[in-house]
Amino acid sequence: MKILVLGAEGPVGRHIVKEALKRKCEVTVLLRDPSLFNEEHAALHIRTGDLLAPGAIASAAVGCDAVLSAFGSEPGEGPLLPEAARLIIEGTREAGVSRLIIAGGSGTLLTAPGVRLMDSPDYPEELLPLAQAHADAYDIFAQSDLEWTYVSPAAWIEPGRRTGNFRIGTTLLVTDDEGHSRISVEDFAAAIIDELDDPNFIRSRFTVAY
């Protein structure tokens with residue numbers, strides 16, 4: 001399978017690339033600064049460009065079977081998320097690609113009926129602008145006519161190890177018996193490529209946690 005990965009500079013994007021290559025995908029990445037990306041693989045193709053530039057995504061995605069976006073995982077990208085969502089949709093469509101998978105945020109997951117995680121009293125105030133940007137981007141993706149899937153991590157995501165052992169939810173935050181919601185970046189990436197290999201959430205969302 002041929003895929004384009006956006007946001008490969010960030011921690012989530014890097015592990016999506018690694019996982020996809022491990023699964024024998026042919027991967028193209030679109031990078032503003034290729035010098036910051038040190039992965040090398042025979043099936044990895046690096047394109048220099050800014051996904052916010054007109055035509056950049058469409059040009060890079062031509063001939064691909066799917067576009068995977070992890071844009072927004074790098075500091076400072078949050079405010080650009082809604083604009084990026086529109087450009088990702090437009091570029092994917094212009095390239096003739098119908099499948100789009102987005103690694104998004106967890107703030108819009110529900111902790112109770114009608115109550116989002118980002119609306120909880122103990123949600124960190126400094127993270128609210130980023131959570132809102134992800135929420136706005138999600139609304140844009142959800143209204144597109146593409147075969148989109150939005151993937152939310154657990155409330156807490158950090159580098160760890162790939163176990164391949166995690167639980168899948170839909171709109172509700174997944175927690176363990178002690179009320180914790182967490183996932184490693186490695187397993188989050190694995191769940192995303194699982195969905196690429198075996199689609200189960202076309203035009204819907206899911207979440208991943210231990």
Side-chain angles (χ1 to χ4, degrees), residues 1-10 12-31 39 41 43-47 49-73 77 81-106 108 134-153 164 166 168-171 185-208:
M1 189 176 295
K2 296 181 179 180
I3 65 172
L4 170 66
V5 178
L6 305 172
E9 307 98 320
V12 173
R14 286 179 185 274
H15 283 287
I16 288 175
V17 170
K18 289 180 179 180
E19 185 70 25
L21 290 171
K22 185 185 299 183
R23 309 266 192 111
K24 308 301 182 184
C25 291
E26 186 173 340
V27 181
T28 297
V29 295
L30 181 64
L31 303 170
E39 294 293 327
H41 194 284
L44 176 63
H45 312 288
I46 298 177
R47 292 279 298 267
D50 186 343
L51 67 82
L52 299 176
I57 296 173
S59 176
V62 169
C64 289
D65 300 297
V67 173
L68 280 65
S69 175
F71 182 82
S73 62
E77 291 178 339
L81 275 167
E83 179 187 357
R86 295 186 183 92
L87 290 170
I88 290 167
I89 291 168
E90 291 173 8
T92 301
R93 188 186 295 119
E94 286 178 24
V97 180
S98 60
R99 187 72 171 112
L100 172 63
I101 303 178
I102 307 102
S106 60
T108 52
H134 274 295
D136 294 341
Y138 171 73
D139 288 340
I140 294 168
F141 287 122
Q143 293 170 17
S144 80
D145 58 355
L146 297 172
E147 294 179 355
W148 60 272
T149 300
Y150 190 91
V151 192
S152 290
F166 44 76
I168 300 293
T170 53
T171 59
V185 178
E186 291 85 349
D187 275 336
F188 185 52
I192 289 171
I193 304 302
D194 284 349
E195 173 65 16
L196 176 69
D197 286 342
D198 183 18
N200 289 287
F201 296 94
I202 300 291
R203 296 192 179 92
S204 62
R205 70 182 301 177
F206 72 95
T207 184
V208 191

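Between K18 and E39 a salt bridge is recorded (basic side-chain N to carboxylate O distance below 4.0 Å). Salt bridge status for D197 with K24: absent, with no side-chain N to carboxylate O gap under 4.0 Å.
If you take CD1 on I89 and OG on S144, they are separated by 4.5 Å, rounding to the nearest 0.5 Å. I57 CD1 to L51 CG: the interatomic distance, rounded to the nearest 0.5 Å, is 4.5 Å. In this structure, the separation between CZ on R205 and OG1 on T170 is 9.0 Å, given to the nearest 0.5 Å. Distance check: R86 CZ to I88 CD1 gives 11.5 Å after rounding to the nearest 0.5 Å.
The minimum heavy-atom distance between F201 and T149, with the atom names listed, is O-OG1, 2.8 Å. Heavy-atom minimum distance, E19 versus I193: CG-CG1, 3.5 Å.
When side chains are defined from C-beta on, D194 does not count as touching N200, because their heavy atoms never get closer than 4.5 Å. Looking at E26 and M1, their side chains never come closer than 4.5 Å, going by heavy atoms from C-beta outward. When side chains are defined from C-beta on, V29 does not count as touching E9, because their heavy atoms never get closer than 4.5 Å.
Residues R47 and S59 have side chains that bring a donor and an acceptor to within less than 3.5 angstrom of each other.
The aromatic rings of Y150 and F141 are tilted relative to each other, their planes meeting at an angle between 30° and 60°.
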